[in-house]
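Heads up, the thing below is written out as structure tokens.
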Amino acid sequence: DEAEESDEAEESDEAEESDEAEESDETEASDEAEASDEAEASDETEESDEAEASDEDEASDEEEASDDAPTYQPTETPDRRLQDAPDDPGTYGAAFAYEPSDGSMTKVYFASNEGTGLLQLELPLTIDDDCWNSGLDASDHTECDASAQLTWISASDEADSNDGLNCPKGDIFETVAPSTTPSYKPTKAPTGPSTKEPTTAVPTTATPTYAPQPQPTPRPTPAQPAPTSVPTYAPQVMPTSPEPSPQPTLYMPSPAPNYGPTPPPTKLQCEPFDCNAHSEPIQILQRDKDEDIYSVCELNTVTGEYDVLYDIDWFDGHINAAGMFVGVDGTRQAYASFGGYLCAFDQHKKCCLDTPLAEPKPNAGTLVHTDYYYAKDPGGGTERGFHWVQNVTGTPIFHDDVLFKISASVYEGTVLDVATVDELFVGEELIDDGVTNGRYLVGMAEGFEVLVVRCDETGYPAAYAVLPSVIDWSFGEVQDEGSFGAAYTFMSEKGIHVLFSENDGHGLFEVGFPMTIPDECWNT
């Protein structure tokens, strides 16, 4: 035993001397590697401790939550700061504003086009009176000395030719309140540990499960209806006589009768126009004169540009003389002349009347209730009047005749569109002409003359008047003439608004009411 202990001691001494020699020969790189291993081990230990602490906290939270009803708490905005701020702040092409569900202050964010990230504007802001700039002359406008606080919130990809929009309620960093009903999606993780064996020795329900059977189930026998006392109209399985007759039948059998009236054919229905989503002036126009494609556009009254709602690329022909039908239930339906036929239309199709219009290419049109009025260049070098279609949503009546023609010399150029003025609908007198509850069509000629067409009690366009105008140019650029290819009628709390947009981009013009038109001004 002493010899073995001595041998072991000698071997230990030799191993220690060998280890010391090896350690003395190790390079600085080996020391760094060992230091790195120790750091990693320390990090893993810390992460393990943190994970265990986090699991204990979560378990504690779950135990507390199980005793109380679930409550909703919005997530606090984390304190994030951009570590490496760029030298060039870049451009921010998307902005978002959120109203948190808990009623706290509005959250405003900006997304960087260069991918710097999503920044939050800290609110509230204090802006002194001397910081505000106003007026059209921007040469003396200045920047505030005070600063606004921005906080980097999250990363964001690069973007170009962009803009932002969002659903305003809630917040992008807000925790959704738990629901009391199960969701339609599986949970991300099992709610408890998995078991290898069934939790019960016998089934807990008497009804069988839908597991596959070893053999197919027999086909069920359908229930047979009981015989009726009266014959049915279905054909019989067997012939009604056992033998055919020796002689041919002299008369052809009559066809089986119908057992009810034939249903009317299905009429193509067009979707109504969504005026709640698109309440600005709407115009049908050709964006590219080299292409025969019309587009339905909405005028942005702030920028003056037309936003395209959709292209009518499914129709190859002339489209013009549009108007908006307003139903008694408040629904709106867009109408226009498609190749000389009056049609309701939506983004994908048109629903047309069978009879063609008197003018194959009208360019001025409007709807007054269920009556459609239209013309082609009234007064534009040729004498033309207004035609109309009565009751377009029911049994239409086409009135191709006219009761008057507009002189080619009463105003400059032509009238390209008309708007509606219906005193009965508005509930007040807008045109003082001795007629109560009058119906009128209003247009604007190229020299800013105002054309007023008066309809009689039957609906016929019966007389017209032309009035010179006085223009308040406000901030607009003064023009000597213009062409007005689109007319609109709007109703608001302040009353009626009749507007005309100029084809060359010179702006939107409104006709003032009330106006007085003496008897001698009317032409018939």
Side-chain angles (χ1 to χ4, degrees), residues 43 47 50 54 73-102 104-127 131-133 138-139 141-177 183 185-186 188-189 274 276-280 282 285-288 290-291 293 295-313 347 505:
D43 292 342
E47 290 176 358
E50 290 175 359
S54 175
Q73 294 293 336
T75 301
E76 295 293 336
T77 302
D79 184 16
R80 299 183 177 93
R81 291 295 186 272
L82 183 60
Q83 300 300 323
D84 297 323
D87 296 333
D88 182 5
T91 55
Y92 295 82
F96 317 93
Y98 287 88
E99 300 294 337
S101 301
D102 61 350
S104 60
M105 187 167 295
T106 301
K107 303 293 181 64
V108 178
Y109 304 98
F110 302 93
S112 165
N113 285 10
E114 291 76 21
T116 302
L118 191 70
L119 303 186
Q120 178 181 348
L121 175 63
E122 301 293 348
L123 297 177
L125 286 175
T126 300
I127 304 178
C131 280
W132 295 101
N133 301 292
S139 60
H141 292 183
T142 60
E143 182 182 8
C144 279
D145 293 333
S147 61
Q149 175 65 47
L150 293 171
T151 303
W152 188 90
I153 295 297
S154 69
S156 64
D157 286 338
E158 295 182 1
D160 192 15
S161 297
N162 58 316
D163 201 1
L165 72 162
N166 62 282
C167 297
K169 295 300 182 183
D171 187 17
I172 52 178
F173 300 108
E174 186 173 275
T175 302
V176 179
S183 64
K185 296 181 178 180
K188 295 182 178 180
D274 190 353
N276 292 326
H278 306 289
S279 59
E280 298 289 347
I282 305 297
L285 51 82
Q286 286 180 300
R287 292 184 291 151
D288 189 345
D290 296 332
E291 296 183 7
I293 295 179
S295 301
V296 177
C297 303
E298 182 177 16
L299 176 62
N300 187 323
T301 54
V302 177
T303 64
E305 297 179 353
Y306 283 100
D307 300 327
V308 179
L309 303 185
Y310 56 86
D311 294 325
I312 308 179
D313 51 6
Q347 183 174 355

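For reference, positions follow the sequence shown, starting with 1.
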* **Pairing residues for Asp311 by the side chain to side chain donor-acceptor pair (under 3.5 Å) criterion, not counting sequence neighbours** =>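 Arg287, Ser295.
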* By side chain to side chain donor-acceptor pair (under 3.5 Å) - contacts of Thr126 (at least two apart) ->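 None.
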Apply side-chain contact (heavy atoms from CB on, under 4.5 Å) to [X] and list each qualifying residue two or more places apart in sequence or on a separate chain.
X	answer
Asp163	none
Ala95	Phe110
Glu298	His278, Glu280, Ile282, Leu309
Ala159	Asn162

* salt bridge (Lys or Arg N to Asp or Glu O under 4.0 Å): pairs with one or both residues in residues 141-162, sequence neighbours excluded -> none
* Mind listing the closest non-hydrogen atom pair of Ala155 and Trp152 along with its distance? =>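 Smallest interatomic distance, heavy atoms only, reads N-CZ2, 3.5 Å.
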For the residue pair [X] and [Y], establish whether any side-chain heavy-atom pair is separated by less than 4.5 Å.
X	Y	result
Leu118	Phe96	yes
Asp288	Ile293	no
Leu121	Leu150	yes

* Donor-acceptor pair, Glu114 side chain versus Thr91 backbone, under 3.5 Å? ->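 Yes, Glu114 side chain to Thr91 backbone: donor-acceptor pair under 3.5 Å.
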